[in-house]
Amino acid sequence: MKIVTWNVNSVRARLDILTEWLRDHQPDLMLLQEIKCEAHSFPLEAIEDLGYNIAIHGQKTFNGVAILSKSPIEDVQRGLTFFEEDIQARYIEAVTNGVRVASVYVPNGQAVGTDKYAYKLVFLERLHQHMKSLLQYEEAVVIGGDYNIAPTDLDVADPKAWTGDVLCSIPERKAFYALLNLGYRDGFRIDHPHEKLYSWWDYRSQAWPNDAGLRIDHLLLSPQATDRLESTGIDKAPRGKEKASDHAPVWCSIDV
DNA sequence: ATGGTAGACGATCTA
């Protein structure tokens, strides 16, 4: 089964690009971030017509996550269990096609030292607690999303320009490694150990034409999911289109 | 030193 994570930066603004990609690639599962709308304004019909069931955790204007699946979606949970006071829509989890999956939109963090950066680190702690609790079931679990962290300098086109900055700072990287230390794997790096391939290019400063990107979107796999991993990749093509999201879809294939 | 662009929304905020 093919599982994809994609920060679409507004599902309504990106509907044509999204539906075209779904039609061309036929993923079993699509994990969306930054849908930037509430459930009642989500373009359900255009996506249901392609054969998808949809679960949404929406929010007006900002954030918002969703799960699209060709199989029925069960046991939907919105928000992190250990972060019930969080009013931002950044996490949705469900079981579908025999796999527990989640779509997560980790806070951007704005800049090191700001309130938003502190909130990002708190969110990552609560995510860690929750991801730890999921491992007790010894299931195949895939947590896909925009983690807003480039794990190492290999994941940054120009590491010197980004040293210590938000998305690359040591505390953020430590928080990411702590998720891996629970037993999850960064799917992409398993079969692309040395590749400089990115998932996000800033709209500004000619980042896309210069390939000045960062790899900040990830699929984290539980041991049971890792054991079934067949292949992974990042499809840069949609980033080059007119009216593109600033993120590219990141995918993996799992033998179920 | 703090621009550059995009989306939602209707002045800025977030990224």
Side-chain angles (χ1 to χ4, degrees), chain A residues 5-21 31-44 46-47 56-66 79 83 86-92 103-124 127 144-151 155-158 160-169 171-173 175-176 198-218 234 236-250:
Chain A
T5 181
W6 195 359
N7 179 329
V8 286
N9 185 18
S10 170
V11 69
R12 289 176 291 178
R14 225 62 67 199
L15 187 59
D16 289 346
I17 285 176
L18 174 62
T19 52
E20 184 188 13
W21 202 89
L31 307 167
L32 297 177
Q33 300 87 40
E34 278 206 274
I35 61 171
K36 290 188 172 180
C37 65
E38 295 175 289
H40 65 78
S41 35
F42 190 99
L44 291 173
I47 292 168
I56 299 163
H57 186 26
Q59 182 181 334
K60 194 179 179 185
T61 312
F62 306 120
N63 311 318
V65 286
F83 203 8
D86 188 17
I87 55 164
Q88 301 191 22
R90 298 182 173 276
Y91 186 87
I92 187 170
S103 175
V104 61
Y105 178 43
V106 174
N108 168 279
Q110 192 183 49
V112 175
T114 62
D115 288 350
K116 290 193 179 70
Y117 182 78
Y119 166 63
K120 179 178 195 172
L121 294 181
V122 169
F123 184 94
L124 287 163
L127 179 64
D146 177 358
Y147 285 76
N148 267 316
I149 301 171
D155 305 302
V156 185
D158 185 359
K160 280 180 186 159
W162 283 86
T163 302
D165 282 356
V166 74
L167 310 188
C168 297
S169 73
E172 293 168 79
R173 286 180 168 174
F176 188 79
Y198 314 113
S199 67
W200 172 77
W201 298 259
D202 201 314
Y203 285 122
R204 299 164 291 186
S205 311
Q206 300 285 100
W208 169 248
N210 294 321
D211 196 28
L214 283 78
R215 194 176 67 92
I216 58 174
D217 301 86
H218 311 293
I234 301 175
K236 289 169 65 170
R239 181 61 182 85
K241 290 184 177 290
E242 287 291 316
K243 297 280 287 177
S245 168
D246 44 353
H247 295 253
V250 179

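The model shown is predicted, which means the values in this text are computed figures rather than measured ones. A, B, ... follow the sequence lines: proteins, then strands. Residue 1 opens every chain.
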Is it the case that the side chains of A:Ser103 and A:Gln33 hold a donor-acceptor pair, with the cut-off being a distance below 3.5 Å and no angle test? yes
Task: Pairwise C1' distance, B:dA8 and B:dT2 [rounded to whole Å] - done: 24 Å
(Q) Students often get this wrong, so: under 4.0 angstrom with heavy atoms, is A:Arg90 touching a base, only sugar-phosphate, or nothing? (A) sugar-phosphate
Next on the checklist: Checking side-chain polar atoms at under 3.5 Å, does A:Trp200 have a donor or acceptor matched by the opposite partner on A:Asp217?
Outcome noted: no
Separation of B:dG7 atom C1' from A:Asp16 atom CG, nearest Å, is 16 Å
To the nearest angstrom, the CD-P distance between A:Glu34 and B:dC9 comes to 13 Å
A:Arg204 atom CZ is separated from B:dA15 atom P, nearest whole Å, by 12 Å
Separation of B:dA6 atom P from A:Phe62 atom CZ, nearest Å, is 18 Å
Between CG of A:Asn7 and C1' of B:dT14 the distance, given in whole Å, is 12 Å
A:Asp86 meets the salt bridge (charged side-chain N to carboxylate O under 4.0 Å, His left out) criterion, sequence neighbours left out, with none
#### Entry: N/O (side chain, A:Lys116) to phosphate O (OP1/OP2, B:dT14) under 4.0 Å
yes
Atom NZ of A:Lys60 and atom P of B:dC13 are separated, to the nearest Å, by 16 Å
For B:dG7, does OP1 or OP2 lie under 4.0 Å from any side-chain N or O of A:Arg14?
yes
Atom NZ of A:Lys241 and atom P of B:dT5 are separated, to the nearest Å, by 23 Å
Separation of B:dT5 atom P from A:Trp200 atom CH2, nearest Å, is 15 Å
Base, sugar-phosphate, or nothing for A:Ser205, non-hydrogen atoms under 4.0 angstrom? base
